[in-house]
Trainee: 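Below is a structure I'd like to ask you about.
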Amino acid sequence: MEETATLILEGKSYELPVVVGTEGEKGIDITTLRQKTGYITLDPGYGNTGSCISEITFMDGEKGILRYRGIPVEQLAEKSTFVETAFLLINGRLPSQKEFISTSVALNDYSLVHEDMQIFFQNFPRRAHPMGILSSMMNALRSFYPELDNTLEEANKTYLRLLSKIRTMAAMSYKISNGQKVVYPRPDFSYCANFLNMMFDSPVKPYNVDPDLVQALNVFWILHADHEQNCSTAAVRVVGSGRVNIYAALSAGVAALWGPLHGGANQAVIEMLMEIEKSGVTVDEVVKRAKAKDDSFRLMGFGHRVYKTYDPRAKIMKKMCDTVLSKLKTYDPLLDIAKRLEEVALTDSYFIDKNLYPNVDFYSGIVLRAMGIPINMFTVMFAIGRLPGWLAQWKEGAEDPDWKISRPRQIYMGENVRDYIPLSERK
Ligand code: SDX
């Protein structure tokens with residue numbers, strides 16, 4: 001017997017279907033609400049609203065669970081690679097050995113970008129933020145690779161092309177913005193090794209790819225690969241629902257991720273930690289400011305719309321800080337400040353009562369600093385990691401024959417009807 005929810009409005013009762021997910025999560029299906037009752041629902045920020053049914057990622061915010069296509073992120077971080085995880089997210093299963101090899105070869109084959117793209121990069125102002133460049137260049141990609149027809153074969157080619165080229169574009173943009181010679185991808189390097197080499201190799205100082213950093217980068221990108229209907233993924237789905245080409249939808253995703261409340265938080269966390277180090281302000285004073293109602297300052301990297309416990313990704317990222325720094329035999333004072341901040345916050349009733357814990361962005365910047373990634377590229381690193389998720393989510397929408405254009409409603413609270421007053425009659 002199908003479960004239903006009973007709604008009583010103005011003395012009339014309505015039965016609305018209840019949808020039950022794989023893990024028992026429940027939602028009230030309101031697709032016929034307005035037609036039946038004339039009412040809509042109101043949920044600014046969509047904290048209580050499901051936008052779709054999806055088979056890609058499962059999160060349990062109370063238990064701190066994150067699974068990609070059913071596989072716990074902890075297992076993928078420990079045993080998988082970013083390329084394999086990207087395949088899993090996009091195709092719904094792990095690749096066979098043959099598929100893994102053919103995917104790796106394709107990613108190498110597609111790793112170059114059109115030489116004319118360098119002209120675009122060279123003409124951005126030197127102070128342009130890499131996320132603004134990436135969003136523009138993601139859109140520009142379509143000019144170089146016009147929409148392929150939507151056959152599965154062609155669509156897969158587009159996904160692999162994007163996964164490979166976002167990495168090349170990011171490194172190329174970094175080199176050109178620093179006035180350095182562009183380093184081309186190498187067919188003998190893995191996905192992550194290629195990125196590090198394209199970023200840091202130079203004719204005067206050849207870069208030695210450190211396998212520990214390659215492993216850390218795989219884990220970093222696996223942890224960022226998807227996160228169900230977060231702000232930027234929702235943007236990709238909303239923009240894609242108008243049937244615009246995939247490049248434009250992804251460009252919108254990059255733009256949404258840039259915000260400091262979302263992916264831009266990884267840059268904001270490090271800037272916050274650097275400010276604490278430089279100003280000498282105490283951690284207790286920082287926590288006090290974060291709690292103050294009249295102060296807009298927030299503890300960046302803390303809190304989450306879904307996780308009401310420790311973000312499982314932050315746990316792995318925190319451990320990775322220690323392993324990467326010890327392997328590199330380097331010390332980062334910002335890590336001590338971050339750990340102290342966490343310690344003070346997690347024993348403070350404000351954070352405990354509001355279920356505010358470190359999220360993926362709280363420690364991720366420490367790992368990126370250890371790799372030598374410049375701060376203004378931290379969110380680009382997040383975007384490269386999130387691309388497989390955006391692709392998988394866009395694909396899930398595009399393959400739905402009933403993919404509806406996203407068009408929320410509103411409750412109007414403006415002026416009642418009134419007449420136009422000609423300018424001559426106004427004071
Ligand atoms: C990401 O959605 C995803 O999955 C995102 C992401 C992904 O992988 O895609 O996980 C990546 O974006 C992680 C979040 C990165 N952002 C930050 O770290 C910025 C700092 N965090 C906050 O701004 C906030 O916690 C959000 C934006 C993450 C979540 O905001 P919500 O769910 O809208 O919660 P809210 O702003 O309504 O806060 C609830 C209460 C408020 O206090 P009251 O008004 O109830 O008294 O908690 C307080 C907030 O003031 N609060 C904080 C806080 N976060 C929330 N107070 C101090 N410091 C904070 N960080």
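Order of listing sets the numbers, starting from 1, for every ligand and every atom in it. We use all heavy atoms of the structure for the numbers below, so side chains are in, but hydrogens, waters and symmetry mates are not.
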Trainee: Exactly one of Lys327, Lys339, Lys315 should register a salt bridge (charged side-chain N to carboxylate O under 4.0 Å, His left out) with Asp322. Which one does?
Mentor: Lys339
Trainee: Mind checking whether Leu261 has an N or O less than 3.5 Å away from an N or O of ligand 1?
Mentor: yes
Trainee: Is the closest heavy atom of Leu356 to ligand 1 under 4.0 Å?
Mentor: yes
Trainee: I want to confirm something. Looking only at heavy atoms, which of Lys308, Met300, Lys293 is nearest to atom 46 (O) of ligand 1?
Mentor: Lys293
Trainee: Between Arg93 and Glu99, is the closest basic N to carboxylate O distance under 4.0 Å?
Mentor: yes
Trainee: Counting only heavy atoms closer than 4.0 Å, does ligand 1 sit against the backbone of Phe362, its side chain, both, or neither?
Mentor: neither
Trainee: For ligand 1, is there an atom lying under 4.0 Å from some heavy atom of Phe382?
Mentor: yes
Trainee: Considering all protein heavy atoms, does one lie under 4.0 Å from atom 34 (O) of ligand 1?
Mentor: no
Trainee: For the pair Glu285 and Lys288, find out whether any cationic side-chain nitrogen is under 4.0 Å from an anionic carboxylate oxygen.
Mentor: no
Trainee: Check whether any N or O atom of Tyr350, backbone or side chain, sits under 3.5 Å from an N or O atom of ligand 1, and answer yes or no.
Mentor: yes
Trainee: Return the option from Lys291, Gln229, His227, His304 holding the heavy atom at the smallest distance from atom 7 (C) of ligand 1.
Mentor: His227
Trainee: Under 4.0 Å and counting heavy atoms only, is there anything from the protein next to atom 54 (N) of ligand 1?
Mentor: yes
Trainee: Would you find a donor on one side and an acceptor on the other, under 3.5 Å apart, between the side chain of Ser232 and the backbone of Val254?
Mentor: no
Trainee: Report, in ascending order of atom number, the atoms of ligand 1 lying under 4.0 Å from any heavy atom of Gly301.
Mentor: 17 (C), 18 (O)
Trainee: Can you report which non-hydrogen protein atom sits closest to atom 13 (C) of ligand 1, along with the distance?
Mentor: Asp361 OD2, 3.5 Å
Trainee: List the closest protein heavy-atom neighbour of atom 2 (O) of ligand 1: residue, atom name, distance to the nearest 0.1 Å.
Mentor: Asn230 CB, 3.4 Å
Trainee: Whether Arg67 engages the ring of Phe58 as a cation-pi pair (distance to the six-membered ring centre under 6.0 angstrom, angle to the ring normal within 45°) should be assessed.
Mentor: no
Trainee: In ligand 1, which numbered atoms sit nearer than 4.0 Å to a non-hydrogen atom of Gly303?
Mentor: 25 (O), 28 (C)
Trainee: How would you list, by chain and number, every residue that makes a ring pair (Phe, Tyr, Trp, His ring centres under 6.0 Å) with Phe378, sequence neighbours excluded?
Mentor: none
Trainee: If we count only N and O atoms by modelled type, under 3.5 Å, do the side chains of Asp226 and Gln393 hold a donor and an acceptor together?
Mentor: yes
Trainee: Decide whether Thr37 and Arg34 meet the rule of one side-chain donor and one side-chain acceptor closer than 3.5 Å.
Mentor: no
Trainee: Nearest protein heavy atom to atom 9 (O) of ligand 1, by residue and atom, and its distance?
Mentor: Arg386 NH1, 2.8 Å
Trainee: Out of Lys354, Arg298, Arg305, whose heavy atom is nearest to atom 38 (O) of ligand 1?
Mentor: Arg298
Trainee: Do any nitrogen or oxygen atoms of Val360 lie less than 3.5 angstrom from nitrogen or oxygen atoms of ligand 1?
Mentor: no
Trainee: Taking Lys175 for the side chain and Met199 for the main chain, is one N or O donor matched with an acceptor at less than 3.5 Å?
Mentor: yes
Trainee: Can you check atom 26 (C) of ligand 1: any protein non-hydrogen atom closer than 4.0 Å?
Mentor: no
Trainee: Does the side chain of Ser80 come under 3.5 Å of the side chain of Thr85 through a donor N or O and an acceptor N or O?
Mentor: yes
Trainee: Judging by distance only, is a nitrogen or oxygen of Phe302 under 3.5 angstrom from one on ligand 1?
Mentor: yes
Trainee: For atom 12 (O) of ligand 1, tell me which residue out of Arg313, His262, Met59 has the closest non-hydrogen atom.
Mentor: His262
Trainee: Give the atoms of ligand 1, by number and element, whose distance to some non-hydrogen atom of Ala265 is under 4.0 Å.
Mentor: 15 (C), 16 (N), 17 (C), 18 (O)
Trainee: Go through the structure and list residues passing side-chain hydrogen bond (donor to acceptor under 3.5 Å, both in side chains) with Glu25, not counting sequence neighbours.
Mentor: none
Trainee: What protein heavy atom lies closest to atom 58 (N) of ligand 1? Include the residue and the distance to one decimal.
Mentor: Leu299 N, 3.1 Å
Trainee: Evaluate the ring-ring contact (aromatic ring centres under 6.0 Å, His included) criterion for residues Phe82 and Tyr191: first the C-alpha distance (whole Å), next the side-chain angles of each, then the deciding distance (0.1 Å), finally the verdict.
Mentor: CA-CA 8 Å; Phe82 176 61; Tyr191 186 93; 5.5 Å; yes
Trainee: Does even one non-hydrogen atom of Ala290 get within less than 4.0 Å of ligand 1?
Mentor: yes
Trainee: Classify the ring geometry between Phe200 and Tyr207 as parallel (under 30°), tilted (30 to 60°) or perpendicular (over 60°).
Mentor: tilted
